[in-house]
Each structure stands twice: as structure tokens, then as C-alpha cells.
Amino acid sequence: GAVVSQHPSWVICKSGTSVKIECRSLDFQATTMFWYRQFPKQSLMLMATSNEGSKATYEQGVEKDKFLINHASLTLSTLTVTSAHPEDSSFYICSARDARESTDTQYFGPGTRLTVL
Amino acid sequence: KQEVTQIPAALSVPEGENLVLNCSFTDSAIYNLQWFRQDPGKGLTSLLLIQSSQREQTSGRLNASLDKSSGRSTLYIAASQPGDSATYLCAVSISGNTPLVFGKGTRLSVIA
């Protein structure tokens, strides 16, 4: 099956710094990628839909100026958490849709655990 | 707005038991339904995907059924093993290019 990677797998940063998380589709092109956030013992909640070559679509309650998404190529989307604060500590997971498959399967990255001190 | 509910929230069983995890969704107009496994601190592993036109899918000891009209799916795990201990997530999509809506999961513990 298709593979999606995320980098870094974990990051610890000081409050006020910015953190960039990369999501790559390794063996397929993805015009659409999704970014989810998962707080401890909670389910995954969609943050935004990342579309190649256009602006991301954010879910209600997600600050677009704080969570910057760039989908500059068909294999890479980045999520930048700007001026991170402790409440942004979470598990961030991306998914990419492999349009070649008739089932339109979405493949998930392994996630990035962000801890803001 | 689509909502996905999973029952029970947690389940503990002795090794060897057969068990059923339940998932329900409020809007029956789904495109497909997926079951995932998530180990603590890890990402998602896709277990089974059922298209809206299908009734069930099987993989090894796992069997997932879908009753679209009633908005329900079940994941059946046969002869459970300690290695099955994880959180199981159910998710639905309304089209091929839309994000998934997840339930909160069922935390399964299989005791040796």
C-alpha cells in the first residue's frame, strides 16, 4: 500500500517558538492532504484540508494564522504551528488520498507528537 | 453534521474470547467506513475498509460488517490475543475526497 511519512516524529519546543511538521506521500501524488489533531484520550479531529496549489480550508475554531499550511507540491504538505503554546501540545497526524485507487483510500502518516514547554 | 459513536469506550477481556466492537453514525449517506487500530502514542493502522455498497469485509481474525441504512458497523475479533490490545477507531467519509469523521475509539485490553 501507499506510504505517508511525517517529520519529525516528535518535537519539544519552548513556548513562543514556531514548529514545522512535514507530511509526504512517498510513492504517490496527493492533490489533497488532511491534517488532524488528537489530544490525549480523544479521537482525531480534523484541523484543515490542504489542497495542492491553493489555500487550505480550515475547520471552525482552527486559527489559520496560527496553523499555517502549505501544500506546494503533489507530495508534500507542511503544517507550521506559529508561536506555539502549551495548549498546542498534541499529536498531529496527516493523511493523503491516493486517487489512483478506486476506493479513494486515505493513508495516514505515523504522526508527530508536539510538546510545548 | 456527521457524528460517529463507538461503544464501549473501553473493554477488557481474557485471551481467547471473541468480541464485538460497535460503531454508529448519524448520517447514513456515507461513501465508506474504515476501522483503524492505534497503539499508544502511535499513528493509525488501517484494518478494514468497507465501501457503502458492501456488507462486510474480512481480514484474518477480523470481520467488519456495515448496515448503512441503520447507521451501524461492528468489528468482530475472533480468538483475541494480548497483541490485539490497542484502541480501535471507526471512521466514515461522505465522499472519496473528504476527510474522515472519527469516533472516540474503544480501548481494548486482552489479558493473558
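Just so we're on the same page: letters track the sequence lines, and every chain starts at 1.
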Option that, when pairs with chain A are counted at under 4.5 Å, heavy atom only, ranks first among Gly105(B), Gly41(B), Ser46(B): Gly41(B)
Rounded distance [0.5 Å steps], CZ in Arg24(A) versus SG in Cys94(A): 11.0 Å
Plane angle bin for Phe36(B) and Phe108(A) - parallel if under 30°, tilted between 30 and 60°, otherwise perpendicular: perpendicular
Interface moiety of Thr87(B) toward chain A, non-hydrogen atoms closer than 4.5 Å: neither
Short side-chain to backbone donor-acceptor contact, Asn18(B) and Ala79(B), under 3.5 Å: yes
Heavy atoms of other groups near His7(A) NE2, more than 12 under 6.0 Å: no
Atom group of Leu46(A) that falls short of 4.5 Å from chain B, counting heavy atoms: side chain
Modelled atom types, side-chain donor and acceptor of Asp88(A) and Ser90(A), under 3.5 Å: no
Donor-acceptor contact below 3.5 Å, side chain Thr49(A) vs main chain Thr32(A): no
Heavy-atom donor-acceptor pair, Ser28(B) side chain to Gly71(B) backbone, under 3.5 Å: no
Residues in residues 33-42 of chain A near chain B [non-hydrogen atoms, under 4.5 Å]: Phe34(A), Tyr36(A), Gln38(A), Gln42(A)
Between Thr112(A) and Gln6(A), a side-chain donor and acceptor under 3.5 Å: yes
Region of Lys104(B) that comes under 4.5 Å of a non-hydrogen atom in chain A: both
Interchain contact, Gln38(B) with chain A, by part (heavy-atom threshold 4.5 Å): side chain
